[in-house]
Participant: 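Mind looking over this structure? Questions follow.
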Protein chains: 4
Amino acid sequence: MPQEAQPRQLIVEAAQELFARFGLAKTTMADIARACGKGKSSLYYYFASKEQVFTAVIDQEMSGLKNSIARAVAKADTPRKKLRAFAMARLIYLGQKADHYTAIKEEHLRHYGFIEGLIREYSHWELQFIQGILQDGLEQNHFRPLDPPKVARALFFALKGFEYPWITSISQREMKRTVDVLLEVIFQGIAR
Amino acid sequence: MPQEAQPRQLIVEAAQELFARFGLAKTTMADIARACGKGKSSLYYYFASKEQVFTAVIDQEMSGLKNSIARAVAKADTPRKKLRAFAMARLIYLGQKADHYTAIKEEHLRHYGFIEGLIREYSHWELQFIQGILQDGLEQNHFRPLDPPKVARALFFALKGFEYPWITSISQREMKRTVDVLLEVIFQGIAR
Amino acid sequence: MPQEAQPRQLIVEAAQELFARFGLAKTTMADIARACGKGKSSLYYYFASKEQVFTAVIDQEMSGLKNSIARAVAKADTPRKKLRAFAMARLIYLGQKADHYTAIKEEHLRHYGFIEGLIREYSHWELQFIQGILQDGLEQNHFRPLDPPKVARALFFALKGFEYPWITSISQREMKRTVDVLLEVIFQGIAR
Amino acid sequence: MPQEAQPRQLIVEAAQELFARFGLAKTTMADIARACGKGKSSLYYYFASKEQVFTAVIDQEMSGLKNSIARAVAKADTPRKKLRAFAMARLIYLGQKADHYTAIKEEHLRHYGFIEGLIREYSHWELQFIQGILQDGLEQNHFRPLDPPKVARALFFALKGFEYPWITSISQREMKRTVDVLLEVIFQGIAR
DNA sequence: CATGAATGAGAGTTCATTCAT
DNA sequence: TATGAATGAACTCTCATTCAT
């Protein structure tokens with residue numbers, strides 16, 4: 001498969017890097033074109049607009065993140081380990097891409113309605129995923145009685161906060177430890 | 001008291017609303033000028049650039065948030081209540097401003113270096129604040145043995161996640177309940 | 001030959017006319033665009049800035065002037081005639097372009113460093129040229145003993161003054177006569 | 001006489017310095033106001049517009065130059081010395097002001113019609129002055145027969161060229177020597 | 001006599017997008 | 001399939017000038 005010759009994918013990859021580094025507003029179509037060695041107007045052969053390029057990037061990142069998470073969690077056997085795998089997979093995925101700044105983490109997202117659908121969909125997926133882990137844990141009697149949807153939601157938001165490590169100047173290693181501290185406390189709270 | 005006639009403050013308030021609704025990039029100086037009934041160039045009499053207006057807005061929001069938090073926490077007497085007050089004050093403050101989306105939450109922040117200083121400073125303040133509560137709780141023997149800096153950091157990030165309610169379509173009321181669920185779990189984990 | 005359809009050259013010509021008439025500061029990109037029937041932003045497809053347009057204009061004028069001078073001087077056979085050809089070629093070239101006022105004479109030049117290089121280079125060329133004529137004249141025994149570099153410099157400055165006919169209200173014809181008067185005096189001074 | 005308290009003069013002096021250094025276009029009213037420690041709008045109490053300030057500056061410079069020249073020439077006794085004094089006084093006056101760049105030398109002048117009157121008037125004065133010297137010389141039998149108006153005009157333009165020393169990077173000292181070379185040649189041409 | 005406040009009218013520049021080829 | 005050429009619309013920022021005080 002001549003995969004590197006697929007121009008659409010080439011564009012998305014170049015754009016991903018740029019959006020991640022400079023954000024949506026500050027990345028121009030000219031930048032993207034230059035980065036993938038094409039003429040600026042050629043991009044419009046594959047995408048109707050800059051927004052669409054951005055959407056494609058986000059979409060791809062979300063798929064990647066989903067896969068990473070799912071794969072990591074599958075390897076874990078206890079609910080506790082699963083939850084930890086979940087949190088760590090997020091941290092690692094978001095941390096390894098493009099110098100720690102992925103487009104997915106953009107708060108700009110808020111202001112670009114055209115992407116809300118994707119965001120919601122992905123968030124829903126995460127929520128369900130966490131809830132699933134909790135449900136399993138409950139059924140396997142690992143946890144005290146708890147309301148899975150509610151606790152899942154609490155965990156979902158709590159873990160979201162870790163997407164913004166740059167706020168302090170913290171290394172990924174320390175972030176991982178911090179996640180562990182949080183999970184430990186939480187498990188102390190919910191484990192039987 | 002002609003307090004509402006102070007033009008600088010007038011501008012900041014108009015800008016706050018607009019930045020909150022549309023973000024830094026999509027809010028123009030012309031918009032701000034229109035919103036406060038001034039000529040576009042008049043803004044430049046008070047601020048040297050759009051960045052400076054934005055900085056002033058962020059600065060003001062952070063002060064407001066700090067005050068809200070400090071006031072709310074002061075009213076609480078136990079560490080548990082304090083922590084809850086802290087989290088709720090954030091939620092309420094960020095939720096009540098400008099259509100629920102404040103500039104403070106802007107991720108642009110990362111891409112606009114000129115504001116990093118403010119962000120870091122504020123984050124530091126929060127971190128210290130949480131740590132203080134934990135320390136007190138420890139000294140008053142409310143908590144099991146724990147490492148205040150580490151747990152404070154974990155809480156800091158966990159609570160940060162609640163700044164992004166729009167990701168799901170959740171009411172503020174439900175957000176509060178969700179915070180409560182999280183805190184309950186966490187207290188179960190750390191309380192003696 | 002679609003030579004007049006070359007857009008870059010089209011722009012330069014329009015700009016030349018305008019700069020000459022109104023000067024750098026008072027000529028706007030909008031003016032230039034209008035003058036060559038293009039959209040304002042189109043100019044930026046060919047030139048990165050107004051400065052670059054100006055530089056291109058100056059560059060072209062200097063080339064033109066050099067050519068005019070060189071061609072005129074080549075036709076003359078004695079040093080005296082050569083010197084006269086030199087002076088007249090300048091006068092005619094600078095007088096025939098765009099309402100008699102060319103951008104080349106712009107003093108802005110001094111305030112816009114980006115063009116200094118061009119100016120220096122051209123001045124150097126002129127200086128050498130005059131010196132060459134004097135040298136030849138000496139070798140052919142047309143002149144009394146004189147120091148070519150020094151006299152060349154004196155002539156260079158003296159002729160420079162004739163670039164500013166507008167200072168008085170004098171016709172080109174009279175200017176030519178005036179140059180002749182000067183040269184006559186000077187030749188009386190240096191000829192053998 | 002409290003001469004330094006005269007605000008009009010204060011403004012003119014500040015403006016002179018600034019125009020000389022940065023040119024008319026790049027000097028703003030704000031700059032001038034700052035430089036003389038006044039509010040920007042105060043300038044309009046003394047001058048109706050920026051143009052008028054500029055005109056005042058030019059006017060003053062021309063007066064100064066006239067005085068310098070007249071004084072220098074008065075000290076010389078022979079026509080030859082007078083002519084030399086004339087040329088040198090110009091060189092020195094234009095060279096000593098504001099880092100070698102006086103507003104009077106601005107070619108901008110060309111593009112600012114409101115000043116043409118002053119320019120012409122001054123040029124006329126110079127022309128007459130030179131002619132006067134020549135006339136005297138003729139009458140005192142220092143010169144071969146010549147047509148004073150014509151030769152005066154030739155000299156006038158020739159000396160004008162020396163106003164632009166910045167073109168080559170030449171010291172004032174060398175400029176003086178160059179003027180001397182020119183004058184020597186010319187005297188050889190006209191002296192009896 | 002002096003000025004702080006305010007602004008209208010642009011300036012240069014950028015960029016997503018279009019279209020003929 | 002790909003792009004060079006071209007542009008309209010908008011943006012930030014500047015500045016001479018006005019005017020109430």
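If you're wondering where the values come from, they're calculated on a predicted model, not measured in any experiment. Sequence lines set the chain letters: A, B, ... in the order given, protein chains first and strands last, and positions in each chain run from 1.
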Participant: In whole angstrom, give the distance that lies between atom CZ of A:F47 and atom P of F:dT1.
Facilitator: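 A:F47 atom CZ is separated from F:dT1 atom P by 14 Å.
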
Participant: How many angstroms lie between CG in D:L18 and CE in D:M29, if you round to the nearest 0.5 Å?
Facilitator: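 So the CG of D:L18 and the CE of D:M29 are separated by 11.5 Å.
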
Participant: Show me the dot-bracket string of DNA chain E, counting Watson-Crick or G-U pairs under 3.5 Å, with | for pairs to another strand and [ ] for crossing ones.
Facilitator: .||||||||||||||||||||

Participant: Report yes if the side chains of A:I58 and A:F54 come closer than 4.5 Å at any heavy-atom pair, otherwise no.
Facilitator: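 Yes, at least one pair of side-chain atoms sits under 4.5 Å.
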
Participant: B:D31 side chain to B:T28 main-chain N or O, any donor-acceptor pair under 3.5 Å?
Facilitator: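 Yes.
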
Participant: Starting from C1' on F:dC11, measure out to CD1 on B:I32 and report it in whole angstrom.
Facilitator: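 Going from B:I32 (CD1) to F:dC11 (C1'), I get 12 Å.
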
Participant: Please report the distance, rounded to the nearest Å, between OH in D:Y45 and C1' in F:dT18.
Facilitator: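 Roughly 16 Å, once rounded to whole Å.
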
Participant: When the distance from CD1 of C:I11 to C1' of F:dT7 is rounded to whole Å, what number comes out?
Facilitator: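 Computing the C:I11:CD1 to F:dT7:C1' distance gives 13 Å.
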
Participant: Starting at CG of C:L43 and ending at C1' of F:dA5, how long is that distance when rounded to a whole Å?
Facilitator: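 The distance from CG of C:L43 to C1' of F:dA5 comes to 13 Å, rounded to the nearest Å.
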
Participant: Rounded to the nearest Å, what distance is computed from the CG atom of residue D:D31 to the P atom of nucleotide F:dT14?
Facilitator: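 After rounding, the gap between these two atoms is 12 Å.
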
Participant: Kindly give the atom pairs (protein nitrogen or oxygen, nucleotide nitrogen or oxygen) under 3.5 Å for nucleotides 12-15 of chain E.
Facilitator:
from   : atom 1 : to    : atom 2 : distance (Å)
E:dG12 : OP1    : C:K50 : NZ     : 2.7
E:dG12 : OP2    : C:M29 : N      : 3.0
E:dT13 : OP2    : C:Y44 : OH     : 2.8
E:dT13 : OP2    : C:K50 : N      : 3.0
E:dT13 : O4     : C:K40 : NZ     : 3.0

Participant: Taking CD from A:Q6 and P from F:dT1, how many angstroms apart are they, rounded to a whole number?
Facilitator: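 From A:Q6 CD to F:dT1 P: 12 Å.
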
Participant: Between A:Q52 (CD) and E:dT17 (C1'), how many Å, whole number?
Facilitator: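 Rounding to the nearest Å, CD of A:Q52 and C1' of E:dT17 are 14 Å apart.
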
Participant: Treating D:T55 as the side-chain partner and D:E51 as the backbone partner, does any N or O pair qualify as donor plus acceptor under 3.5 Å?
Facilitator: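 Yes; judged by distance alone, with no hydrogens or angles, the pair exists.
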
Participant: For the side chain of A:S123 and the backbone of A:I119, is there at least one donor-acceptor N/O pair under 3.5 Å apart?
Facilitator: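 The answer is yes, because a donor-acceptor pair under 3.5 Å joins these two groups.
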
Participant: Is there a donor-acceptor contact under 3.5 Å from the side chain of B:K50 to the main chain of B:L24?
Facilitator: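 Judged by distance alone, yes, a pair lies under 3.5 Å.
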
Participant: Counting only N and O atoms by type, is there a donor-acceptor contact under 3.5 Å from the side chain of D:T27 to the main-chain atoms of D:G23?
Facilitator: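 Yes.
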
Participant: How far does CG of C:L43 sit from CG of C:L10, to the nearest 0.5 angstrom?
Facilitator: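 Nearest 0.5 Å value for the CG-CG distance: 10.5 Å.
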
Participant: Salt bridge between A:E61 and A:K66, side-chain N to carboxylate O under 4.0 Å?
Facilitator: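 Looking at A:K66 together with A:E61, the answer is no, because their closest N to O distance does not fall below 4.0 Å.
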
